Amino acid sequence: MISKISGWSWWWKDGSNGEGEVVVSVLVAVLVVASWYIIRRSRRNGMLPPGPRSFLKLQLDATFANRDPPIAASVLSYGAIDIVWNSNNPEWRMLRKISIHELFSNKNLDSCYDHCRQEVRKIVRDLYYKIDAPINICEQVFLTALIVIMGMLWGGKLEGEERTSVGAEFRQLFDEMVELMERPNVSDLFPVLRWFDIQGIERRAKTLSGGMEWILNSVIDQHMKMDKANQVHKESKNFIKFLLELMEQQDAKTQMTMPHLKALFIDIVGAGTDTTSTTVEWAMTEMMQHPQVMRKVQEELDEVVGMNNMVEESHLLKLHYVDAVVKETLRLHPPAPPVDSALSQFILHSWDPEAWDNPLDFRPERFLSDFKKYDYRGNDYNYLPFCSGRRICVGLTLGETMVKFVLACLLHSFDWRLPEGTSLDFTEKFGIVLKKWTPLVAIPNPRLLNLELYN
Ligand code: HEM
């Protein structure tokens, strides 16, 4: 299937030159149309109380309060019919319900954890054979998260070269989609300008959306063919199969359509990959800055897992210090600050000296003494890394488990050091996901005595 997918990147790569000329030539037209628009609107709105012309009204309020998607996000999410950009309406409730009860059901999660374990083992094996090679941690974890999440959605497994090439191409496509959504667009502020698409953002979003559509169609076609040929395992309850069946039922209550299915797919992959990989990357960065924390994590791993075993999912519940490290990482570096007004509250509370002792210090111990007080469910307003209430992350359990599992495996199997002549950088890159400005690159050193374990 992937041979079909590979090489699709020509689809969405184009130049965005010539924007300057467009701006000049379009400006005159904008002024003419804007004047006409203002006159027309002011006549039509004659009954409204006085206020700024709607042409000039900044739409920031709506963006933050109601989750009105920017134009790029709307194009990339089939008109905001997805979970992330949809408002609180029956469509959004349907998608959330399906995600929570079907996609993230306990049975599906169990097979995801199993898949995650296999993928992390592959990474451990690869790293073992790349002795002394500097590793981009975020890239490695991104690939793991992508493969696990795609496996959950699609039911297939990627192997060999396809695994890496699909990972790289997906990453490139997602990075550009996110970058486009983050780019300030004058048409978002002045809707009357949308028609002109002065910066070419909408045009580019449509091209990227076409590229994504092409991949999704390949995945769905492939799935349908396998299903017809009875090649899909009867027991496997992959999500695409479930959604396709739901669409066939034509249930008036659900009204699931193909664009819903695709928008959901993009949401889940998009929301689950960068968040997970960025969290692991920040945790590793903090631990390299605080070697005593890394040592303590490894001591716990040696005690709970032992030097003659590999980390299993069953160990995670006993790894209290690893849990505290992840919590502290998410307090200082929340990868997905909520889009709405909870954003400012969360950021402020995370760094509020009244809520936390020395809030800027990386000190996982603070979560050990009072570990029941702060969970991820959004019960304490000082701590909301997965948001809370109706917008709480639907992938919380999977995200939490993947982060802990990957981190535990990386630290149980290897010691880590920075490449000669480099130093740690803590600069943040603000955006939809709060990433590191400079990726963490580190060199692993095997630490298990039984070398057979690496195979
Ligand atoms: C460390 C990992 C993760 C963190 C910290 C995280 C955090 C968050 C936060 C804060 C939100 C709310 C954003 C907002 O209000 O705009 C959110 C929403 C969401 N997350 Fe996660 N997430 C993580 C992993 C995942 C994973 C693994 C998945 C799926 C596989 C996922 C899927 C989603 C989706 C679909 C939403 C949108 C929910 C809605 O708007 O109703 N997340 N996440």
Side-chain angles (χ1 to χ4, degrees), residues 63-70 73 77 80-89 91-100 102-105 108-109 112-113 115-116 138 141-142 144-154 174 178 181 239 260 263-283 323 325-347 349-350 375-378 383-407 431-435:
T63 306
F64 286 111
N66 282 328
R67 194 158 298 205
D68 268 3
S77 60
I81 58 163
D82 64 334
I83 291 196
V84 171
W85 294 107
N86 219 325
S87 293
N88 183 17
N89 58 29
E91 200 172 52
W92 172 76
R93 282 195 289 277
M94 166 189 80
L95 293 176
R96 257 195 93 94
K97 211 166 124 192
I98 290 175
S99 305
I100 291 167
E102 297 297 334
L103 180 60
F104 296 105
S105 67
N108 268 5
L109 284 177
C112 266
Y113 301 152
H115 196 179
C116 184
C138 195
V141 183
F142 181 91
T144 307
L146 177 70
I147 305 280
V148 171
I149 294 171
M150 280 194 46
M152 172 175 71
L153 292 166
W154 166 53
F174 269 118
V178 170
M181 287 191 264
F239 200 49
H260 283 115
L264 194 59
F265 194 105
I266 296 174
D267 268 2
I268 302 283
V269 177
T273 43
D274 263 346
T275 44
T276 304
S277 52
T278 302
T279 306
V280 173
E281 187 184 32
W282 275 117
D323 180 61
V325 166
V326 174
K327 283 192 171 135
E328 181 68 337
T329 304
L330 286 169
R331 184 184 69 82
L332 281 173
H333 311 284
V339 175
D340 49 32
S341 57
L343 162 70
S344 50
Q345 290 173 20
F346 176 58
I347 297 275
H349 283 301
S350 268
D375 60 15
Y376 295 129
R377 308 278 146 195
Y383 192 65
L384 303 173
F386 289 89
C387 199
S388 74
R390 66 190 176 93
R391 282 286 179 178
I392 197 166
C393 173
V394 289
L396 192 164
T397 321
L398 178 61
E400 179 192 355
T401 308
M402 280 198 291
V403 168
K404 279 192 204 161
F405 199 75
V406 173
L407 211 52
I432 291 180
V433 171
L434 218 58
K435 295 189 191 172

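Not measured: the values here are computed from a predicted model. Each ligand, and each atom within it, is numbered from 1 in the order the structure gives.
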**Item:** Expected output: side-chain D267 to main-chain I83 donor-acceptor under 3.5 Å
**Value:** yes
**Prompt:** Would a distance-only check, ignoring hydrogens and angles, find a side-chain to backbone donor-acceptor pair under 3.5 Å from N86 to D82?
**Reply:** yes
**Request:** Return the orientation label for the F386 and Y376 ring planes: parallel under 30°, perpendicular over 60°, tilted otherwise.
**Result:** perpendicular
Just so I know, are the side chains of [X] and [Y] near enough to count as touching, which here means a heavy-atom distance under 4.5 Å?
X: L384; Y: I392; value: no
X: V326; Y: L407; value: yes
X: L103; Y: I98; value: no
X: Y383; Y: L330; value: yes

**Request:** Indicate yes or no: does an N/O atom of D267 lie under 3.5 Å from an N/O atom of ligand 1?
**Result:** no
**Item:** Contact check: R96 vs ligand 1, nitrogen or oxygen atoms, below 3.5 angstrom
**Value:** yes
Can you sort out which atoms of ligand 1 are near [X], meaning under 4.0 Å from one of its heavy atoms?
X: I149; answer: 30 (C)
X: G399; answer: 27 (C)
X: W92; answer: 41 (O)
X: V84; answer: 37 (C), 40 (O)
X: R391; answer: 12 (C), 39 (C), 40 (O), 41 (O)
X: T279; answer: 1 (C)
X: I83; answer: 37 (C), 38 (C), 39 (C), 40 (O), 41 (O)

**Request:** Using a cut-off of strictly less than 2.8 Å, determine whether C387 has an N/O/S atom near atom 21 (Fe) of ligand 1.
**Result:** no
Could you name the option among [options] that has the heavy atom nearest to [atom]?
atom: atom 29 (C) of ligand 1; options: Y376, F104, W85; answer: F104
atom: atom 10 (C) of ligand 1; options: C112, A336, P334; answer: A336
atom: atom 26 (C) of ligand 1; options: P335, A283, P385, G272; answer: G272

**Donor-acceptor pair between E91 and H260 side chains, under 3.5 angstrom** = yes
**Prompt:** Looking only at heavy atoms, what is the nearest atom pair of P69 and A73, with distance?
**Reply:** CB-CB, 4.0 Å
